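Below, each value reflects all heavy atoms present in this structure, side chains not excepted, and no hydrogens, waters or symmetry copies. Residue numbers begin at 1 in each chain, while the letters A, B, ... track the order of the sequences. Predicted model only: the values in this text are computed from it and were never measured.
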Amino acid sequence: MNHLAPLAVVVPLIAAGLLAGTASIASRLFADLVSVATAVATTVLCAILLARSGHHEVVYWFGGWHPRGEVALGIGFAIDPLGAGLATFVGAIMCAALLFSWRHLEAISHVYHALMLVFMAGMVGFCLTGDLFNLFVFFELLSVAAYALVGYRVDRRAPLEGSLNFAITNSLGGFIVLTGIALLYGRTGALNMAQIGETLAHQHTDGLMVVAFTLLVSGFFIKAAVVPFHFWLADAYSVAPTPVCAVLSAVMSELGLYAVVRIWWSCFHGALGGHEEALRMILVVAGVVTALVPAVLSFAQTHLKRMLAYATISYIGLFLIGVGLLSHDGLGGTAVYLVGDGFVKATLFICVGVIQHRKGHVDEYRLRGACRDLPYTGAVFVLAGLALASLPPFGTFLGKSLVEDAAVKQGFGWVIPVFVIASAVTGGAILRSAGRVFLGLGPPGESNPSFELDEQEDTETRGEASRSRTPGVLFVPAVLLLGAALAVGLVPGLPQAALRGAAVLQDRASYVAAVIHGAAGVVPHLPAPKSPNALDYLYGGLSTVAALVLAGFALFHEQWPGLLPSVVVSRAGAALWAVRRLNSGRVGDYVAWIAVGVTAFGAAFALTML
Amino acid sequence: MSFLPYAVAAWLFGVGLYGVVTSRNLIHLVVCLTVVQSSTYVLLLAIGYVGAGKAPIFADIPQGTTVVDPVVQALTLTDVVVEAAVVALLLALVMQAHKRFGTLDPDELGVMRA
């Protein structure tokens with residue numbers, strides 16, 4: 001029964017239409033109930049598809065347009081374990097976010113719920129489709145819903161500007177992707193990814209193929225916020241409503257990387273597979289830069305949401321290294337890492353949402369010591385901060401050790417310090433702010449005066465009376481998400497399943513057989529991945545301790561003035577400020593950086609592949 | 001097959017991008033974005049063009065007539081619809097900027113720094 005496949009997209013779309021249509025007559029409770037129930041139903045559908053796809057790819061042709069004579073003209077879903085797993089993860093995060101919206105956002109209409117459901121439908125479709133143009137359509141669908149959600153509080157400057165920057169840069173990304181698709185269609189006459197891959201595999205590499213590859217990769221990298229395409233992300237994620245932030249940060253950016261993985265293995269691997277060495281190096285270097293620079297910027301923020309936004313970019317860099325290894329254990333490890341980290345990021349955003357609900361703003365300095373009365377939120381926040389710093393046995397630790405193993409196997413052992421540093425610095429930023437906000441540690445300070453976000457953000461929740469305590473529906477999702485992050489690290493068999501899913505995705509021959517010929521694929525037999533050994537625990541412990549040391553240093557260094565020479569401090573401060581100024585808030589600058597980035601990736605691909 | 005449509009598509013992409021980068025007016029900026037988008041229409045139609053091909057409306061033409069590729073026309077139509085949604089949303093945001101903050105200059109609107 002493959003007929004369940006389209007339901008995972010159709011159900012949320014119909015529910016969204018229902019909510020938008022009944023906006024004027026139905027109650028708020030109705031909207032909350034319908035949206036949460038729809039999210040749960042979609043998650044269950046995706047989980048069923050995930051279970052089905054474990055045996056062979058689930059292929060569904062819309063309107064019964066099956067391939068004839070090895071030519072696929074119809075539009076089809078081609079669902080493999082990794083895509084279905086990502087769709088299930090989208091649904092799970094969406095459930096938590098909608099549950100949290102129940103009380104956090106009081107001054108919203110049904111349009112919000114409808115937009116969230118359209119957003120979910122777009123993301124689920126993006127994960128399940130086997131058609132390149134369909135991928136673009138879902139990309140635009142989820143993006144338009146996300147622009148509207150980020151700019152939901154359009155009566156304030158910061159969300160308006162964040163949404164505009166997000167919409168302009170990502171639309172441009174969509175056009176770049178579409179140009180790539182057009183060139184690829186001109187070359188192959190096909191839009192089905194399996195068919196494209198099959199046609200390209202019999203052609204020799206030329207400029208057109210490399211240009212199309214560059215455009216597709218760059219366009220999706222804009223969505224994923226890989227440096228230097230990342231500027232829009234901090235502007236958008238720091239101003240969106242908190243439940244939207246949780247979804248954006250946990251899954252939306254990562255979808256860009258999923259698309260790159262999908263088009264490489266399904267479309268281009270047959271033709272450009274000979275240049276795997278070069279591509280591996282390019283992706284890993286881009287990942288290292290994306291992991292390190294935003295990690296430092298994250299540490300420099302005092303606005304909690306903006307800090308988490310930069311941490312998101314930093315983790316995108318780590319995931320890019322993982323998938324850039326172009327091996328099944330790199331990709332499978334990244335899948336585990338992504339899910340573990342997504343749960344942690346959503347937990348952190350929801351804790352920040354609780355703080356915002358209770359205190360009305362989220363600036364670290366203004367909140368100094370203000371949250372002493374929120375011990376449980378503080379405990380969850382600190383645990384999530386430690387998980388971000390790869391504390392065993394959280395899912396982040398397991399994913400990180402799997403990716404590090406894969407890196408060593410590919411001869412990229414030198415990236416291990418990058419993983420340790422990026423997770424220590426982003427985790428350290430969270431722990432520092434936790435120390436200041438929940439315990440009142442460290443000296444008082446001024447928040448960045450040129451940064452006026454927090455003044456404009458204080459009425460996301462309404463009604464002073466509701467602020468005296470934390471409603472259960474706000475706190476429970478945070479605990480559940482943190483529990484899920486822990487479960488990812490502990491469930492036996494999960495790494496094995498992820499690695500097998502990765503091997504299925506990378507097996508182009510069986511993908512083509514399943515999609516074009518309707519044949520059942522062969523489930524690959526892989527040796528079980530080794531469980532984390534002493535060295536992995538050492539790295540995990542090292543980054544956790546380093547995060548604590550960094551947080552302690554940031555809070556207390558003024559008490560030991562001789563610890564670092566002042567010239568070092570001032571030089572480092574000036575350099576950091578120069579990097580921070582690059583994120584100017586001007587969308588024109590961001591687009592110029594996009595042009596630079598596309599050119600750089602294009603030059604790198606052309607030099608190595610032609 | 002003429003080289004011209006591809007040159008037009010590249011030109012539209014380039015000038016649109018230049019406009020987005022240098023624009024000081026949000027409405028102008030959104031229009032520049034649609035210019036970039038227009039390049040994809042031209043490119044798609046050029047790719048599907050067949051010399052002396054008829055429009056692919058099969059009810060009116062005898063079987064075996066040479067027609068242009070209908071798939072790219074469907075893609076272009078979808079593209080137009082997607083673009084309409086994006087531009088409508090962007091213009092709605094721009095209108096809010098004008099109505100509430102009295103400016104169309106992206107620099108004056110700016111609060112995001114570092």
Side-chain angles (χ1 to χ4, degrees), chain A residues 73 133 136-137 140-141 143-144 147-148 151 154-158 160-165 167-168 170-172 174-176 178-179 181-183 185-187 189 191 234-235 238-239 297 300-301 448 450-453 456 577 579-592 594-595, chain B residues 6 9-10 13-14 16-24 26 29-30 32-48 69 71-72 74-76 78-79 81-83 85-90 92-97 99-101 103 106-114:
Chain A
L73 274 182
F133 189 75
F136 163 77
V137 172
E140 291 288 349
L141 181 67
S143 298
V144 171
Y147 310 151
V154 77
D155 49 335
R156 297 195 213 108
R157 253 169 211 264
L160 183 64
E161 196 197 7
S163 178
L164 271 172
N165 290 356
I168 291 166
N170 279 256
S171 302
L172 203 60
F175 305 158
I176 292 173
L178 183 60
T179 307
I181 293 174
L183 294 178
Y185 178 76
R187 182 62 188 266
L191 290 168
D235 292 357
S238 50
V239 296
L297 290 173
Q301 304 298 323
N448 177 1
S450 69
F451 191 65
E452 307 153 18
L453 278 183
Q456 314 193 357
W577 192 245
V579 177
R580 288 180 70 173
R581 294 301 302 181
L582 285 181
N583 204 334
S584 62
R586 285 199 67 240
V587 70
D589 293 354
Y590 299 175
V591 173
I594 288 175
Chain B
Y6 298 100
F13 201 101
L17 200 65
Y18 176 79
V20 173
V21 171
T22 56
S23 181
R24 298 296 304 273
L26 285 169
L29 198 154
V30 173
C32 288
L33 205 62
T34 66
V35 172
V36 179
Q37 175 84 346
S38 313
S39 80
T40 59
Y41 306 155
V42 177
L43 178 66
L44 280 168
L45 293 178
I47 282 171
D69 186 350
V71 173
V72 291
L75 301 190
T76 310
T78 314
D79 192 14
V81 174
V82 166
E83 171 66 4
V86 172
V87 169
L89 185 74
L90 277 170
L93 290 172
V94 172
M95 265 183 64
Q96 291 293 326
K99 208 162 81 184
R100 295 182 191 273
F101 310 114
T103 180
D107 288 359
E108 269 181 47
L109 187 68
V111 290
M112 305 285 182
R113 293 295 178 263

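Residue Val20(B) touches chain A through both its backbone and its side chain, counting heavy-atom pairs closer than 4.5 Å. For Leu191(A), the part lying near chain B is the side chain, with the backbone staying farther off; criterion is any non-hydrogen pair under 4.5 Å. For a residue to count as touching a neighbouring chain, one of its non-hydrogen atoms must lie under 4.5 Å from one of that chain's; by this rule Val587(A) touches chain B with the side chain only. Contacts between Leu89(B) and chain A at a heavy-atom distance below 4.5 Å involve the side chain alone, from C-beta outward. Contacts of Tyr18(B) with chain A are absent, with no heavy-atom separation under 4.5 Å from either backbone or side chain. Heavy-atom distances place both the backbone and the side chain of Leu75(B) under 4.5 Å from chain A.
In terms of heavy-atom proximity, Arg586(A) sits nearest to Val21(B) at NH2-O, 4.0 Å.
Heavy-atom pairs under 4.5 Å with chain B peak, among Val144(A), Ile176(A), Ile168(A), at Ile168(A). Among Ala595(A), Ser171(A), Ala167(A), the residue making the largest number of heavy-atom pairs under 4.5 Å with chain B is Ser171(A). Top candidate by heavy-atom pairs under 4.5 Å with chain B, chosen from Asp155(A), Val579(A), Leu172(A), is Asp155(A).
Considering only heavy atoms from C-beta on, Tyr147(A) stays 4.5 Å or farther from Leu93(B) through its side chain.
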Report task. Run the numbers on Tyr185(A) and Leu44(B) for side-chain contact (heavy atoms from CB on, under 4.5 Å), then give the verdict. Result -> CA-CA 9 Å; Tyr185(A) 178 76; Leu44(B) 280 168; 5.9 Å; no
Notebook entry, point to check: What's the verdict on side-chain contact (heavy atoms from CB on, under 4.5 Å) for Phe136(A) and Thr78(B), showing C-alpha distance, side-chain angles and the deciding distance?
Noted result: CA-CA 10 Å; Phe136(A) 163 77; Thr78(B) 314; over 6 Å; no
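Atom CG of residue Leu33(B) and atom CZ of residue Phe175(A) lie 4.5 Å apart, to the nearest 0.5 angstrom. Considering CD1 of Ile181(A) and CG of Leu43(B), their distance stands at 11.5 Å, rounded to 0.5 Å. Put simply, CZ on Arg187(A) and CD1 on Ile47(B) are 12.0 Å apart, with the number rounded to the nearest 0.5 Å. Between the CG atom in Leu178(A) and the CG atom in Asp79(B) there is a gap of 4.5 Å [rounded to 0.5 Å].
Partners of Arg100(B) according to the salt bridge (Lys or Arg N to Asp or Glu O under 4.0 Å) rule, which considers only residues two or more places apart in sequence or in another chain, do not exist here.
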